[in-house]
Protein chains: 2
Amino acid sequence: MKTHEIIIVDDHLLFARSLASLVDSYNEYTVKYTFQNGSELVDKLAAGMALPAIILLDVKMPVMDGIATMKWLKKYQPDAKVLALSMEDDEKTILNMLRNGAKGYLLKDIQPSLLKKALDTVLEQGYFHTEQVANTLMKSLNDDSKKKERIQLKENEIRFIKLACEEKTYKEIADEMFLSPKTIDGYRQHLFDILNVKNRIGLVMYAIKNGIVEV
Amino acid sequence: MKTHEIIIVDDHLLFARSLASLVDSYNEYTVKYTFQNGSELVDKLAAGMALPAIILLDVKMPVMDGIATMKWLKKYQPDAKVLALSMEDDEKTILNMLRNGAKGYLLKDIQPSLLKKALDTVLEQGYFHTEQVANTLMKSLNDDSKKKERIQLKENEIRFIKLACEEKTYKEIADEMFLSPKTIDGYRQHLFDILNVKNRIGLVMYAIKNGIVEV
DNA sequence: TTAAACAAGAGGAAAAACCCTGTTTTTAAA
DNA sequence: TTTAAAAACAGGGTTTTTCCTCTTGTTTAA
């Protein structure tokens, strides 16, 4: 029976080696290579190496870390199946890896048996996540909807911002809000000042970053 | 021992009733009210009714549906703990409910025993999600990172768009790209045409929706 | 090889966005 | 009841954006 090829990318040699022997102990999987950082992997892939079934990718590495590697893979090898490995369950990092196409996020302190399940699940379903990571994910969805309004905006200002994110002129916005264009101009200027932006583009980006408008 | 109060909001009376008796059968929980739509709930809350421990909220309802209700709650009762109930596992809806603060998303065809676990978990951890929903969540994270570039854009056009999402004038963008402002103007016009947007705001929104720029 | 498509760029002009300094009216607070 | 801040609005000027048409040189495809 043909086994699935695995590549391990991790700068901690000891860990990488033991992980490799663990993976090799499964009948269905074989470790093809272990690399010490992202750019070793990228080099080989760029040189024409075929994608393995799954890449186990450490997040924190010197030279080219997990996130940089994911970005490269997303662009040039979007079909790569990557399981991220990490010491810490930092929310931002998890999101970043997953958003860039990682199929799952494993903490390094998981039960070895879980690794097998993770590999199997990724091949079958395309995704794998632990309870813990899923929780973090859920939380993040909510947090950013809460951490809104660090600067308290008035009802009308928010209405204005939302309209400013559409393809409308200020004149049209004024009509829609039943206010004079000059008042709208005042809103605009005031918001530029308090939000520290230079033009309407900045206002739109602020609105998106702070969840005032849905993307 | 004091039980946790539950409110059920569902327009299907038969379902609501049986759900209520199921919840009441747990020692730790008591159904306080059942409402037939979101606005009944909102009315009571607006009139000063205290929040229950958990609200079980149907997604598809007449008058005021789950999403509208979540939006109201997010604004006026952000501490409400809501478990969404739904017949279908539509990706958009799930995201929408969770983004608006739902603590979990239960499909109506789950095992009754899972409901108990869901209630317990929400109270303990703040969140509950089934395997299935978590999967949907993961998938959505990735799908939108892939569905990029439906319209094939040139390297330079993408560079321009990215800069157009910053607070720069076209003159500044031209300098940065070592091109004449008139060439930049050409890029702009061409992109407006092919992307079907009316102004730079539309361009920025397109860029964000299609993952050309990170938010 | 000739025509078509394309990229870079120019001129000119109207529309929209931006900026500053004011006045009047409302609203809220002392 | 007086005062003061905030909201609505105006005038008027500068800059940027947007739109249209046109030229020139380069690839590309028939």
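Naming: A, B, ... by sequence-line order, numbering from 1 per chain.
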Is it possible for you to check whether R200(A) lies under 6.0 Å from the centre of the six-membered ring of Y170(A), through NZ or CZ, and within 45° of that ring's axis? yes

Any donor-acceptor pair under 3.5 Å linking the side-chain atoms of Y26(B) with those of D120(B)? no

Please give, in whole Å, the distance from dC6(C) P to D193(B) CG? 13 Å

Its 5'-most and 3'-most nucleotides having an atom under 4.0 Å from a non-hydrogen atom of chain A, DNA chain D is contacted over dA7(D) to dG12(D)

Side chains of T121(B) and Y127(B): donor-acceptor distance under 3.5 Å anywhere? no

Between protein and nucleotides 10-21 of chain C, map the contacts as a letter string: B base, S sugar-phosphate only, - none, heavy atoms under 4.0 Å, written 5' to 3'. BBB---SSBBB-

Categorize Y187(B) for me: base, sugar-phosphate, or nothing, with a 4.0 angstrom heavy-atom threshold over every strand shown. sugar-phosphate

Cation-pi check, K44(A) to F35(A): give yes when NZ or CZ is under 6.0 Å from the six-membered ring centre and within 45° of the ring axis, no otherwise. no

Whole-Å distance between dA8(C) P and D175(B) CG? 16 Å

Using a strict threshold of under 4.0 Å (side-chain N to carboxylate O), is an ion pair present between R99(A) and E214(B)? no

Going by side-chain hydrogen bond (donor to acceptor under 3.5 Å, both in side chains), name the pairs with one or both residues in residues 183-197 of chain A, residues two or more places apart or in two chains. N156(A)-Y187(A), E157(A)-H190(A), D185(A)-R188(A)

Can D11(B) and K60(B) be counted as an ion pair, charged N to O under 4.0 angstrom? no

Separation of dA8(C) atom C1' from F160(B) atom CZ, nearest Å, is 14 Å

From the list L57(A), I6(A), L119(A), side-chain contact (heavy atoms from CB on, under 4.5 Å) partner of L83(A) resolves to L119(A)

